[in-house]
Amino acid sequence: MFGGVTQAHINRIATALPRHEVHDAFRLFAGRQITDPRVQTAFARLAERSQIDRRYSVLEPLPDASGTVDAFYLADRFPGTGARMARYEAEAPALAEAACQALGLEAEGPGITHLILASCTGFAAPGLDHWLIRRFGLPGTVERSVVGFMGCQAAINALKLAHHVVRSDRRARVLVLNLELCSLHLQPSAAIEQLLCFLLFADGCSAALVTAEAEGLALEGFHAALVPEAADQITWRIGDGGFDMTLSGFVPLTLARALPDQAGAILAGARTEDIDLWAVHPGGRSVLDAVMHGLDLPEAALDVSRAVLREHGNMSSATVMFVLERMMREASRGQRGCALAFGPGLSAETMRFRVA
């Protein structure tokens with residue numbers, strides 16, 4: 001209990017990655033889409049500055065990086081929306097299973113009362129929620145919610161739902177799953193801005209248990225913010241040839257300008273120096289730099305976010321959960337934290353927490 005009200009806690013987080021490391025292969029593949037040698041040189045230089053070393057995908061690249069082993073992608077052929085969704089439906093269960101097994105769901109499953117699934121990279125009905133119920137023996141009465149198409153910020157939305165569930169019923173045991181297969185959504189393009197956008201994204205999954213038990217991270221509050229004048233800077237739409245993303249190069253500047261005015265509301269009146277842990281979604285090197293400057297944070301404040309970006313890239317909604325999972329390993333009791341993630345709109349979802 002906290003202030004007479006039941007408080008929700010993230011008790012545990014587990015993560016999973018597919019087995020194919022694809023970052024260097026994609027750099028070669030993308031470079032071949034560009035015909036202008038000067039643009040190729042610029043792309044290579046900017047790719048080096050991305051601060052990403054590794055990214056993982058459910059798709060296996062060909063040894064010469066001309067496409068994927070199963071011809072899902074070839075240099076001159078890309079799949080349609082139906083093929084991408086069929087591949088999501090085929091690949092998502094194994095990644096979800098790995099994360100849930102690491103969470104201990106084999107034993108925990110029958111006691112789960114609520115299931116919250118977040119994804120913006122694939123949809124099917126009956127979908128992954130039904131598969132999880134069957135695979136891990138969740139009760140048929142489990143209450144299901146699907147957070148769809150909210151982009152990289154969706155993990156915070158999912159945790160907010162779990163927070164409200166536990167506050168309304170302290171016996172609730174909520175499974176929160178974030179699963180993204182971003183690598184299914186490459187598009188044919190020779191535009192350097194689009195290729196640099198694809199350079200960021202990867203596949204990954206997180207599973208978390210949220211209950212009233214005072215263990216892990218205590219969830220203390222949430223804040224949502226919109227930047228209406230920048231609504232076209234991040235977009236995510238379903239087209240005939242797959243999902244189409246716009247990620248403007250102006251996003252970092254917009255964040256750096258907007259965050260100072262939002263800081264008071266995000267931190268509920270606290271000062272930035274009162275926050276020990278900054279779990280910022282690593283949407284890219286320039287996004288992390290923008291948050292650091294916009295909130296006037298010390299360089300070391302974003303070390304965990306930068307490490308996740310370097311080792312895994314941007315896994316959309318799952319990424320901030322990878323950051324939180326790392327923080328939970330070494331955090332000290334009583335430390336205060338703030339999580340931030342950004343998405344289409346341009347919008348931000350934030351969460352205040354404390355180490356229980």
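Note that the numbering runs from 1 along the sequence shown for the chain.
Separating the CD1 atom in Ile234 from the OG1 atom in Thr246 is a distance of 10.0 Å, to the nearest 0.5 Å. Atom-to-atom distance recorded for Met245:CE and Cys120:SG is 6.5 Å, nearest 0.5 angstrom. Rounded to the nearest 0.5 Å, atoms CD (Gln187) and CG (Asp244) are 5.0 Å apart. Atom-to-atom distance recorded for Met351:CE and Ile266:CD1 is 13.0 Å, nearest 0.5 angstrom.
For Thr211 (side chain) and Arg173 (main-chain N/O), no donor-acceptor pair under 3.5 Å exists by modelled atom type. Side chain of Ser248 to main chain of Gln233: no donor-acceptor pair is present (N/O by atom type, distance under 3.5 Å, no hydrogens or angles). A distance-only check finds no donor-acceptor pair linking the side chain of Asp276 to the backbone of Gln335 [under 3.5 Å]. Although no hydrogens or angles enter the test, the distance criterion places no donor-acceptor pair under 3.5 Å between the side chain of Asn314 and the main chain of Phe201. Between the side chain of Ser168 and the main chain of Val165, a donor-acceptor pair closer than 3.5 Å is present. Put simply, the side chain of Asp203 gets close to the backbone of Ser183: a donor and an acceptor are under 3.5 Å apart.
With respect to the salt-bridge test (charged N to carboxylate O, under 4.0 angstrom), the residues Asp129 and Arg144 qualify. Salt bridge status for Asp70 with Arg87: present, with a side-chain N to carboxylate O gap under 4.0 Å. A salt bridge does not link Arg12 with Glu325: none of the charged nitrogens is closer than 4.0 Å to a carboxylate oxygen. Salt-bridge check for Arg306 with Asp303: failed, with every basic side-chain N at 4.0 Å or more from each acidic carboxylate O. The pair Asp24-Arg55 fails the salt-bridge criterion, with no side-chain N (NZ, NE, NH1 or NH2) lying under 4.0 Å from an Asp/Glu carboxylate O. For Arg170 and Glu213, the salt-bridge test fails: no basic side-chain N is under 4.0 Å from an acidic carboxylate O. Taking a cutoff of 4.0 Å between a charged side-chain nitrogen and a carboxylate oxygen, Glu106 and Arg135 qualify as a salt bridge.
Contacts of Phe78 classified as ring pair (Phe, Tyr, Trp, His ring centres under 6.0 Å), with partners at least two apart in sequence or in another chain: Tyr73. Under the rule for a ring pair (Phe, Tyr, Trp, His ring centres under 6.0 Å), the partners of His163 that lie at least two apart in sequence or sit in another chain are Phe222. The ring pair (Phe, Tyr, Trp, His ring centres under 6.0 Å) test applied to His312 returns Phe322, not counting sequence neighbours.
In this structure the side chain of Arg49 reaches within 4.5 angstrom of the side chain of Arg285, judged on heavy atoms. Residues Leu219 and His9 are not in side-chain contact: their nearest non-hydrogen atoms beyond the backbone lie 4.5 Å or more apart.
In this structure, Arg257 places its CZ atom where only 12 or fewer heavy-atom neighbours from other residues, nucleotides or ligands lie under 6.0 Å away. For Asp240, the CG atom is loosely surrounded, since the number of other residues' heavy atoms within 6.0 Å does not exceed 12. For Glu330, the CD atom is loosely surrounded, since the number of other residues' heavy atoms within 6.0 Å does not exceed 12. Within 6.0 Å of CD on Gln40 lie more than 12 heavy atoms contributed by other residues, nucleotides or ligands.
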#### Entry: Worked check of side-chain contact (heavy atoms from CB on, under 4.5 Å) between Glu91 and Leu181
CA-CA 9 Å; Glu91 299 285 358; Leu181 302 184; 3.9 Å; yes
### salt bridge (charged side-chain N to carboxylate O under 4.0 Å, His left out) assessment of Arg54 paired with Glu21
CA-CA 6 Å; Arg54 295 184 294 278; Glu21 202 288 305; over 6 Å; no
### Query
Is there a side-chain contact (heavy atoms from CB on, under 4.5 Å) between Leu200 and Ile52 once you walk through the steps?
CA-CA 8 Å; Leu200 295 173; Ile52 299 173; 4.0 Å; yes
### Task
Evaluate the side-chain contact (heavy atoms from CB on, under 4.5 Å) criterion for residues Trp236 and Thr121: first the C-alpha distance (whole Å), next the side-chain angles of each, then the deciding distance (0.1 Å), finally the verdict.
CA-CA 10 Å; Trp236 191 226; Thr121 51; 4.3 Å; yes
### Message
Pair Cys100, Leu177 - check side-chain contact (heavy atoms from CB on, under 4.5 Å), show working.
### Response
CA-CA 8 Å; Cys100 289; Leu177 190 91; 3.7 Å; yes
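Each of Val323, Leu295, Val304 was scored for a side chain to side chain contact (heavy atoms under 4.5 Å, CB included) with Trp278, with one residue passing: Leu295. Checking Ser316, Ser317, Ser347 one by one against Gln153, the side-chain hydrogen bond (donor to acceptor under 3.5 Å, both in side chains) holds for a single residue, Ser347.
Ring centers of Phe243 and Tyr88: at least 6.0 Å apart, outside the cut-off.
Both the sub-6.0 Å distance and the 45° axial angle are not jointly satisfied by Arg19 relative to the ring of Tyr56.
Looking only at atom types and distance, the side chain of Asn157 has a donor-acceptor partner in the side chain of Glu349 under 3.5 Å away.
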